[in-house]
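Take a look at the structure set out below.
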There are 2 protein chains.
Amino acid sequence: MASPSIETRTSPRRPRSILNKGTRFDQRLAEILTHATDVFCDKGYEGASMRDLSRASGMSLAGLYYYFESKERLLFLIQKHTFTTIVQRLKSRLEGVSDPEQQVRIFILNHLEYFLANPASMKVLSHEAEALKNGFASEVAAIKREYYRICVGLLDELKRERGLQFSTRIAVLSLFGMMNWIYTWHNPKVDADAEQIAREMGEIFLRGVMNGSRARKDGR
Amino acid sequence: MASPSIETRTSPRRPRSILNKGTRFDQRLAEILTHATDVFCDKGYEGASMRDLSRASGMSLAGLYYYFESKERLLFLIQKHTFTTIVQRLKSRLEGVSDPEQQVRIFILNHLEYFLANPASMKVLSHEAEALKNGFASEVAAIKREYYRICVGLLDELKRERGLQFSTRIAVLSLFGMMNWIYTWHNPKVDADAEQIAREMGEIFLRGVMNGSRARKDGR
DNA sequence: ACTAAATTCGAACGAACGTTCGACTTATAG
DNA sequence: CTATAAGTCGAACGTTCGTTCGAATTTAGT
């Protein structure tokens, strides 16, 4: 959780001194976001009260409102930062790789690695997807759509290259389901690490989508 | 949504007349559960107020408490009924089928058919899995565990019969993810019906879990 | 050291929350 | 028709909610 920085906020008047990166304000806000993420993760967005957030971050109830103007905007900041980060990491990892199968594996690994390294953030992103309204909702939805389209692109490319036949939509959404559901069951003391889970899910998904598909006629 | 019946409730003193099935009480409770399910589906358990439920079911706020003694118990009744029904249907459909692959296909079809026929109930079951506490939570968790174990059994049987090698836990949980995630995206105006989606997910999952697995050594 | 800006907080706001109570109305059985 | 039980409701309970305000404190520039 880091550096929401300049254009991300609107609450009080901005400090006029230009060139402040990683200011006290931004650092403190980031700390609050981290604690808030944990609380939202445990109690849900609606179930978490501002007093819970106050307690968790060690700041008074009123003090929180110096950093953001509403509980909803706080959730928005968490979701936007999380989603932006995962998309940006994906893009950088995808650079220079041209084999579509390898690209899909990277997509899965990137998603699961970030998920298991930031379980609270990702649970809040996955589980509270409907909690935001209007402008906040549509801005996060836009990032989600971009992320979704990237995955569609990879699978369409895989289909084209290998002459496969399957519904891209069902495939992509099944893959997201496999991956995102992990927040309901993953236990770091019992389950393998991200790399191995990514390998196993990747095997299931890629074999499932690739083998024998060429021969199928439509309908059945 | 139907017949919570005798042992399910505790609120007021029970009508002493034995042999009442489908009484006025049970019917009205079932209606309330249906409306409450829709509201919980739309606004979430925490986000839905008793006044929302009152409005949706056309009964006064106080009147609701004649049928159940708390909001939490209402959610419990919804989840327990939904989960019990889906397990019971599965068991009856599984009877007489012995081929493990066919059994897995039936499992998937049963799950998705019920999901798409009762989207609100299933969303409330999937999305509000952490909302209940203590006794309520553990009773639903017990049914979930039974359902999970059935699926594990089917996959272990498939593994044994065909000499496959994969982590049953990861496979089962991936399958649940694929299926349960559907509440976040399925649009009846755009997407296919349960039978076809079950076929496509079944293909992906079964091919993914079956093909080539025999040859793999451990570790890699 | 002085000052102005940045930061923090106690106290309170009105609204909404889940739940309860006693009185009222409707249905049922004799 | 009468009496008892089942069902319903308006009004209110105490609590907690998200948010605000003005005063107090801390920080940073000179």
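By convention in this document, chain letters (A, B, ...) are assigned in the order of the sequence lines, proteins followed by strands, and residues within each chain are numbered from 1.
- Residue A/Arg51 is in base contact, counting any heavy-atom pair closer than 4.0 Å across all strands shown.
- At whole-Å resolution of the value, CD in B/Glu72 and P in C/dT19 are 9 Å apart.
- Put simply, CE on B/Met59 is 10 Å from P on D/dG7, counting in whole angstrom units.
- Nucleotides of DNA chain D nearest to A/Met50 and A/Ala62 differ in position, and the one nearer the 5' end is that of A/Met50.
- B/Tyr67 places its OH atom 18 Å from the C1' atom of C/dT19, with the value rounded to the nearest Å.
- Distance check: A/Asn118 CG to A/Thr85 OG1 gives 8.5 Å after rounding to the nearest 0.5 Å.
- Nearer to the 5' terminus of DNA chain C, by closest-nucleotide assignment, is the contact made by A/Leu61 (compared with the other of B/Ser70 and A/Leu61).
- Using cut-offs of 30° and 60° on the angle between ring planes, the pair A/Tyr65 and A/Phe68 is tilted.
- Side chain of B/Tyr65, nearest nucleotide from C/dG18, D/dC17, C/dA12: C/dG18.
- Whole-Å rounding puts the B/Phe25 CZ to C/dA27 P distance at 17 Å.
- Residue B/Leu64 contributes atom CG, which lies 17 Å from atom P of D/dA11 at whole-angstrom precision.
- Residue A/Ile32 contributes atom CD1, which lies 11 Å from atom P of C/dT7 at whole-angstrom precision.
- The aromatic rings of A/Tyr183 and A/His127 lie perpendicular to each other, with more than 60° between the two planes, well past the 30° mark.
- Look at A/Arg28 and you'll find a side-chain N or O under 4.0 angstrom from OP1 or OP2 of C/dT8.
- Look at CZ on B/Arg24: it is 7 Å from C1' on C/dA27, rounded to the nearest Å.
- A salt bridge does not link A/Lys144 to A/Glu139: none of the charged nitrogens lies less than 4.0 Å from a carboxylate oxygen.
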Kindly list each side-chain donor-acceptor pair under 3.5 angstrom involving residues 39-53 of chain A, sequence neighbours excluded, with atom names and distances?
| unit_1 | atom_1 | unit_2 | atom_2 | d |
| --- | --- | --- | --- | --- |
| A/Lys43 | NZ | A/Asp52 | OD2 | 3.3 |
| A/Tyr45 | OH | A/Glu72 | N | 3.2 |
| A/Ser49 | OG | A/Arg51 | N | 3.3 |
| A/Ser49 | OG | A/Asp52 | N | 3.0 |
| A/Ser49 | OG | A/Asp52 | OD2 | 3.2 |
| A/Asp52 | OD1 | A/Arg55 | NH1 | 3.2 |
| A/Asp52 | OD2 | A/Ser49 | N | 3.0 |

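- At D/dT16, none of the side-chain N or O atoms of A/Ser49 fall inside 4.0 Å of OP1 or OP2 (strictly under the cut-off).
- To the nearest angstrom, C1' of C/dG18 lies 12 Å from CG of B/Asp52.
- Checking D/dG10, D/dT19, C/dT8 against every side-chain atom of B/Ser60, the shortest atom distance belongs to D/dG10.
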